[in-house]
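When a ligand or atom number is given, it counts from 1 through the structure's own listing order.
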Amino acid sequence: MHEDLKPKNKKIRVITTIAPLYSFAKNVAGDYADVENLLPSGAGPHEYSLSPENVMKVSKAHVLIENGVGLEKWLDKLVLQENFHSESAGVAKQIVADSSSGINIISNNPHIWLSPKNAFIQVNNIMDALVRADPVNAEHYTKNADAYIKRLEHLDREITEITGSLKRKEFVSLHSAFLYFARDYGLRQAAVIQEFPETEPTPRHITDVMNVIKTNNIRVIFSEPGVPHKVVETLAKDLNLQVYSLDTLETGAFYPEWYEERMRANLEVLKMSMNQ
Ligand SMILES: [Zn+2]
């Protein structure tokens, strides 16, 4: 009987699904594990379908880190199968980590990573999974996670300070991505154009959104990078709103500092837009 999770002296392979999880896992792993993201840069997680190459990558991973809260529906079937078949790909036992475990979930809303207060928990869950898969390097993973969480605590304090002093607390956004951020930092999502990117808004819903904007005297609407949206443009024109771009971090680049950089870029956008 052997329970070796990896060949001796070889790094474990860790797969994350989306860019924020890559940043989290890369900071915990340091040089002790190989981390790769499954979705290519530019591919959104709400409506994704796996390629044969993706399937191969997942089956060869020692650790698969999912966001959870139903975001990776396109992965569920595969994971159920792969837990049984991964042995044939040279992986004795695959660990599937749900990064959302222990987070206070807003029903059916997967955008947990947009609040650093959730990111603390996600990073700890990732650390636990790496320690389980590669106990020899446990001390490194624990140290790395502690150091990264300190950086995230710094980010959290910056967000608390800046959001606390914003003149306006209510916003309208393109899809329902900023609910956790709003909950944790005292803001309110007054309305969304569409609940999820794949659901087109009905004319009735647009009318409701317009009424909310007028009633709450909202001046700003948040779009997303690289997403030209007719409804946003029309609303902005009709109601004389300013359009700003807030990043949902659903697509992005793969390096350790990326999460903090994008969160700080969002903070700059909030400072500009919510103080008018
Ligand atoms: Zn989303």
Side-chain angles (χ1 to χ4, degrees), residues 16-25 37-50 54 65-76 98-101 103-119 121-122 125 159 163 170-185 187-202 205-206 208-209 212 220-233 235 243-254 258-267 269-270 273:
T16 56
T17 53
I18 56 171
L21 294 177
Y22 179 90
S23 279
F24 300 164
N37 199 69
L38 193 63
L39 267 64
S41 175
H46 285 296
E47 30 187 19
Y48 186 72
S49 53
L50 290 167
N54 289 155
I65 294 162
E66 294 191 51
N67 178 73
V69 207
L71 185 70
E72 294 98 341
K73 288 195 185 77
W74 34 266
L75 199 56
D76 289 351
D98 177 349
S99 81
S100 72
S101 179
I103 288 174
N104 182 10
I105 297 300
I106 297 168
S107 180
N108 293 326
N109 195 304
H111 306 89
I112 49 177
W113 63 87
L114 286 166
S115 168
K117 293 188 196 300
N118 293 335
I121 300 171
Q122 293 181 281
N125 288 334
I159 299 175
T163 51
E170 291 179 322
F171 63 91
V172 172
S173 64
L174 189 54
H175 88 280
S176 220
F178 295 95
L179 284 182
Y180 292 95
F181 185 87
R183 178 183 74 182
D184 287 349
Y185 299 102
L187 305 179
R188 194 174 84 85
Q189 175 186 284
V192 282
I193 308 298
Q194 51 196 145
E195 190 61 21
F196 290 107
E198 65 269 30
T199 51
E200 281 302 313
T202 60
H205 179 69
I206 300 299
D208 290 345
V209 172
V212 169
V220 169
I221 190 162
F222 290 123
S223 190
E224 292 165 20
V227 189
H229 203 282
K230 257 195 207 145
V231 177
V232 172
E233 284 160 23
L235 279 179
V243 181
Y244 286 87
S245 178
L246 264 193
D247 195 345
T248 62
L249 281 66
E250 286 173 4
T251 60
F254 308 117
W258 179 80
Y259 175 79
E260 294 149 277
E261 286 176 11
R262 295 312 304 156
M263 291 298 289
R264 288 198 167 94
N266 275 349
L267 209 45
V269 173
L270 288 174
S273 58

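- Residues that satisfy the salt bridge (Lys or Arg N to Asp or Glu O under 4.0 Å) test with Glu66, not counting sequence neighbours, are absent from this structure.
- Between Trp113 and Glu250 the shortest side-chain heavy-atom distance falls below 4.5 Å.
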Using distance only, find each side-chain donor-acceptor pair of residues 220-233 under 3.5 Å and give its atom names and separation, not counting sequence neighbours.
from	atom 1	to	atom 2	distance (Å)
Glu224	OE2	His175	ND1	2.6
His229	ND1	Val231	N	3.4
His229	NE2	Gln194	OE1	2.9

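- Near-neighbour remark for the Zn ion (ligand 1): protein N, O or S atoms under 2.8 Å are His46 NE2, His111 NE2, His175 NE2, Glu250 OE2; waters not counted.
- For Leu114 against Tyr259, the heavy-atom pair with the smallest separation is C-OH, 4.4 Å.
- Scanning for ring-ring contact (aromatic ring centres under 6.0 Å, His included) contacts around Tyr180 gives an empty result, with sequence neighbours left out.
- The aromatic rings of Phe181 and Tyr185 sit tilted relative to each other, their planes meeting at an angle between 30° and 60°.
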